[in-house]
Number of protein chains: 2
Amino acid sequence: MSNTKVLPLLEPDEVVAPCCPPLTERPMSAEEAETAAKMFKALGDPVRLRLFSAIASHEGGEACVCDISDVGVSQPTVSHHLKKLKEAGLLTSERRGTWVYYRVEPSVLAAMGALLTTAATAA
Amino acid sequence: MSNTKVLPLLEPDEVVAPCCPPLTERPMSAEEAETAAKMFKALGDPVRLRLFSAIASHEGGEACVCDISDVGVSQPTVSHHLKKLKEAGLLTSERRGTWVYYRVEPSVLAAMGALLTTAATAA
DNA sequence: GGAATAGTTCGACGTATGTCAACATAGATG
DNA sequence: CATCTATGTTGACATACGTCGAACTATTCC
């Protein structure tokens, strides 16, 4: 797997289920809300948001933990948050030698953005 | 959308700080993350997301509480969540006679959307 | 093998959160 | 004023969450 690529391009194996219809289209069902809320929740913590932003803004949309753990909390806490982001489907991780690299999952991000953008543009 | 006013004009009490640079541009500062996280957090609950979606998808982007309180939790809980969304700056409320109407705050929503969309599109 | 470095997992702690039932308030109506 | 309907507020409770230090795992290098 080539890792030098950048965010925008969605490869087949990165396809993510269309989590949710645009916010303004119709009231979300309980299931849709459950799914979408998980992603929003994952970004609903300042530390996680900083970690995510640090990774997303890093070269090639990926970064080693050592490059981003300067967010004011202990290292175990950083690890904990990265795990949460991973569980939410926003990040993937890969060990390369001594270091572990985290990458953003572009498709999910795009889905969330579309969800909000459509909501704001419509109406 | 037949509102008295539309997106662009921000009134003094509605002014929303340019909460955040695009996620991919550079690592967010602690303050930026703090601000942005609040909004994500507000949408990070399934019930709140459903309420918000119900309002956003309603005629003119506004709805009376009675129209949207069918989300499976008690009435006080609905009220509590609407308050949270309001505190997060995502909704505004107005009493008209017997009923209270909630409306979406388009500018904030647009900001959040841009933040994510840019992140997914940029690189 | 042993030591050093990079991350994760575990256990504990205080705080925040979602929920409800009960009570309170606002406006309409008799 | 009494009352009914529509919402908001309060107090209590169980659970979830963020955080840390200590212990554990993985990889490299001597």
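Treat the numbers as computed from the prediction; the structure is a model and nothing was measured. Numbers restart at 1 for each chain; the letters A, B, ... are given by sequence-line order, proteins then strands.
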Nucleotide by nucleotide, nucleotides 12-23 of chain D touches protein heavy atoms under 4.0 Å in the pattern (B base, S sugar-phosphate only, - none) -----SSBBBB-
In B/S/- notation (B base, S sugar-phosphate only, - none; protein heavy atoms under 4.0 Å), nucleotides 25-30 of chain C written 5' to 3' is -SSS--
Atom OH of B/Tyr102 and atom P of D/dA6 are separated, to the nearest Å, by 16 Å
Query raised in the report: Is any side-chain heavy atom of A/Met112 closer than 4.5 Å to a side-chain heavy atom of A/Leu43?
Result: yes
Taken to the nearest whole Å, CG/B/Leu51 to P/D/dT7 is 13 Å
Hydrophobic clusters here meaning ILVMFWY residues chained together by side-chain heavy-atom distances under 4.5 Å, can you tell me if A/Tyr101 and A/Leu51 are in one? no
Can you check side chain to side chain donor-acceptor pair (under 3.5 Å) on A/Lys86 and A/Thr92, steps first, answer last?
-> CA-CA 6 Å; A/Lys86 211 169 117 180; A/Thr92 58; over 6 Å; no
The correct set of residues in residues 63-70 of chain B placing a heavy atom under 4.0 Å from DNA chain C is none
Q | Heavy-atom check, side chain of A/Glu62 versus side chain of A/Val104, under 4.5 Å | A | no
field: Close side-chain approach of A/Tyr102 to A/Asp67, heavy-atom, < 4.5 Å
entry: no
From OH of B/Tyr101 across to C1' of D/dG8 the rounded distance in Å is 17 Å
Any B/Leu85 side-chain heavy atom under 4.5 Å of B/Ile55 side chain: no
Taken to the nearest whole Å, CG/A/Leu91 to P/C/dT8 is 11 Å
salt_bridge(B/Glu105, B/Arg103) N-O dist < 4.0 Å = no
- Query: Taking the side chain as C-beta and beyond, is there a heavy-atom pair between B/Asp45 and B/His81 under 4.5 Å?
  - Reply: yes
> Is any side-chain N or O of B/Lys83 closer than 4.0 Å to OP1 or OP2 of D/dG8?
Replying inline: no
| said: Please say yes or no: joined through hydrophobic side-chain contacts below 4.5 Å, possibly via intermediate residues, are B/Val47 and B/Val100 part of one cluster? | reply: yes
Any side-chain heavy atom of A/Phe52 sitting closer than 4.5 Å to one from A/Leu109? yes
Open item on the list: Closer than 4.0 angstrom, basic N to acidic O: yes or no for B/Glu34 and A/Arg50?
Closed with: no
